[in-house]
Undergrad: 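Take a look at this one; I'll ask things after.
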Number of protein chains: 2
Amino acid sequence: MNNRVNSEFSSVGGWAKRCYFAGRALMETTLRPYDLGSTQWYVLWHLATNGPTAQRDLVRLLDLERATLSGIVAALVRKGLVDQSAGGKDQRQRTLQLTEAGKTLWSDLPDLHFIHDAAFGDIDPADLAIAIRVLQTATGRLHDLLGKGNNE
Amino acid sequence: MNNRVNSEFSSVGGWAKRCYFAGRALMETTLRPYDLGSTQWYVLWHLATNGPTAQRDLVRLLDLERATLSGIVAALVRKGLVDQSAGGKDQRQRTLQLTEAGKTLWSDLPDLHFIHDAAFGDIDPADLAIAIRVLQTATGRLHDLLGKGNNE
DNA sequence: ACATAATTGTTTGGTAGCTAACAAATTAGG
DNA sequence: CCTAATTTGTTAGCTACCAAACAATTATGT
């Protein structure tokens, strides 16, 4: 009787949600001693790996909304981990880079690869590829339906 | 050089996140005219489909934390859509049920099946099954690592 | 019986995400 | 050149999620 809607909740969509939150929870538990959230970690990771970056580029690289990133950057600046400077020729843009404290903290952080490895490490790569393709296709369709086809 | 972490971001985990948020965004856009959020819709759906339910059971049925559901129920009660009564013999428990306004609103809501159908409708069922199995397995591993194996 | 455990719900404070509206700076068009 | 559109970042207000601490109630154990 309620198979139809129930299937929406307990199938790919539902498991995508559960898997996302389970991974995020593990990241946040691991990072809690360092007072960092999961997306804050991604920003630090990018700055540590790729050096100073324009905030406007991070929006696309991390696939967030401007407003979301703005808040996350504000938190990292408040903690003294990231410097947000108005440097360049375009006075609208902000450049983000690690402060000394940010570099020090980054070098102290544990390696988070174990999360990905534990979750997906010994799953058949062919199955992984199929799962990615299914999620990617579904995401594209949903974005299309949402009004703008931003499935690049 | 950054293939390892990058793969964590742009593979199953990353797509699970994008897929979850894309589906949720479409739900919320559809429900915005009715002033309902996606999880609020799930609560109404459950009450409309299964009748009065103990709040404590909904926690498990919708796979949320007590605190999360508490806030969502408070919003629905504030909007006059749900009645939260302290009825039974156990004075701690609350029973939730739709009010008349809640039943009326529910009957006016559009059918959301189109979201699931659009996203997954014409994907090979065998691939869907593999995707579910991958996500389910990964979620179980993550839960285990998080300390308590609640992979029922 | 009575102190202690466990259960149920709420509150507080935090992260992460979105839209909409705004300000400032830059770019385009006429 | 000057107005209008676009880009960039912030703010405000919302949903949804979590953990930790609290109050109230019920269940347990001695």
Side-chain angles (χ1 to χ4, degrees), chain A residues 17-43 53-60 62-79 84-96 143 146-148, chain B residues 17-43 53-60 62-79 84-96 143 146-148:
Chain A
K17 172 181 176 176
R18 281 183 260 265
C19 189
Y20 162 60
F21 278 112
R24 180 172 143 180
L26 192 46
M27 275 188 80
E28 299 198 334
T29 297
T30 308
L31 294 172
R32 201 177 313 280
Y34 305 91
D35 193 28
L36 274 184
S38 56
T39 306
Q40 293 173 20
W41 181 90
Y42 279 115
V43 172
T53 307
Q55 182 166 334
R56 101 163 185 231
D57 292 330
L58 261 190
V59 164
R60 153 175 72 72
L62 298 184
D63 202 17
L64 302 170
E65 289 298 317
R66 276 203 318 287
T68 303
L69 183 56
S70 185
I72 287 163
V73 167
L76 290 170
V77 168
R78 178 174 45 77
K79 294 176 192 173
Q84 183 189 46
S85 59
K89 54 200 68 165
D90 188 335
Q91 281 305 114
R92 291 169 304 186
Q93 293 183 212
R94 303 288 136 110
T95 298
L96 305 177
H143 276 155
L146 206 49
K148 49 195 304 186
Chain B
K17 172 181 176 177
R18 282 184 260 267
C19 190
Y20 163 62
F21 278 112
R24 180 171 142 179
L26 191 47
M27 275 189 80
E28 298 197 335
T29 297
T30 308
L31 293 172
R32 203 178 311 281
Y34 305 91
D35 192 30
L36 274 184
S38 56
T39 306
Q40 293 173 21
W41 182 89
Y42 279 115
V43 171
T53 308
Q55 180 165 335
R56 144 196 123 193
D57 293 330
L58 261 190
V59 164
R60 150 175 75 72
L62 298 184
D63 202 15
L64 302 170
E65 289 297 317
R66 275 204 319 284
T68 303
L69 184 57
S70 183
I72 287 162
V73 167
L76 291 170
V77 168
R78 177 173 46 75
K79 295 176 192 173
Q84 183 188 45
S85 58
K89 57 199 67 165
D90 188 335
Q91 282 305 113
R92 292 168 302 186
Q93 295 185 209
R94 302 288 135 110
T95 299
L96 305 176
H143 276 156
L146 206 48
K148 50 196 303 186

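Numbered from 1 within each chain, the chains take letters A, B, ... in sequence-line order.
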Undergrad: Enter syn or anti for the glycosidic conformation of D:dA16, syn applying to angles within 90° of 0.
TA: anti
Undergrad: Using a 3.5 Å cut-off and no angle test, enumerate the donor-acceptor pairs between side-chain atoms of residues 23-31 of chain B and protein atoms at least two apart in sequence or in another chain.
TA:
| residue | atom | partner | partner atom | Å |
| --- | --- | --- | --- | --- |
| B:Arg24 | NH1 | B:Tyr20 | OH | 2.9 |
| B:Glu28 | OE2 | B:Ser38 | OG | 3.3 |
| B:Thr29 | OG1 | B:Ala25 | O | 2.9 |
| B:Thr30 | OG1 | B:Leu26 | O | 2.7 |

Undergrad: Starting at CG of B:Leu26 and ending at P of D:dT15, how long is that distance when rounded to a whole Å?
TA: 19 Å
Undergrad: Under a 3.5 Å cut-off for both contacts, is C:dT11 paired Watson-Crick or G-U wobble with anything, and if yes, with which nucleotide?
TA: D:dA20
Undergrad: Quick one: B:Gln91 CD to C:dA6 C1', roughly how many Å, whole number?
TA: 18 Å
Undergrad: Checking base pairs now: Watson-Crick or wobble, both atom distances under 3.5 Å. What partners C:dT4?
TA: D:dA27
Undergrad: Report the distance from atom CZ of A:Phe21 to atom CG of B:Leu64, rounding to the nearest 0.5 Å.
TA: 9.5 Å
Undergrad: List the atom of A:Ala86, the atom of A:Arg94, and the distance in Å for their closest heavy-atom pair.
TA: CB-NE, 3.7 Å
Undergrad: Considering non-hydrogen atoms only, spot the tightest contact between B:Lys79 and B:Asp35 and give its length.
TA: NZ-O, 2.7 Å
Undergrad: Reading nucleotides 9-19 of chain C 5' to 3', which nucleotides get B (base under 4.0 Å from a protein heavy atom), which S (sugar-phosphate only), which -?
TA: BBB---BSSBB
Undergrad: Provide, to the nearest angstrom, the distance between the CG atom belonging to A:Asp90 and the C1' atom belonging to C:dA28.
TA: 15 Å
Undergrad: Tell me: CG of A:Leu96 to C1' of D:dT10, nearest whole Å?
TA: 14 Å
Undergrad: Of all heavy-atom pairs between A:Ile72 and A:Gln40, which one has the smallest distance, and what is that distance?
TA: CG2-CG, 3.9 Å
Undergrad: Heavy atoms only: give me the nearest A:Gln93-A:Ala54 pair and the separation to one decimal.
TA: NE2-CB, 4.0 Å
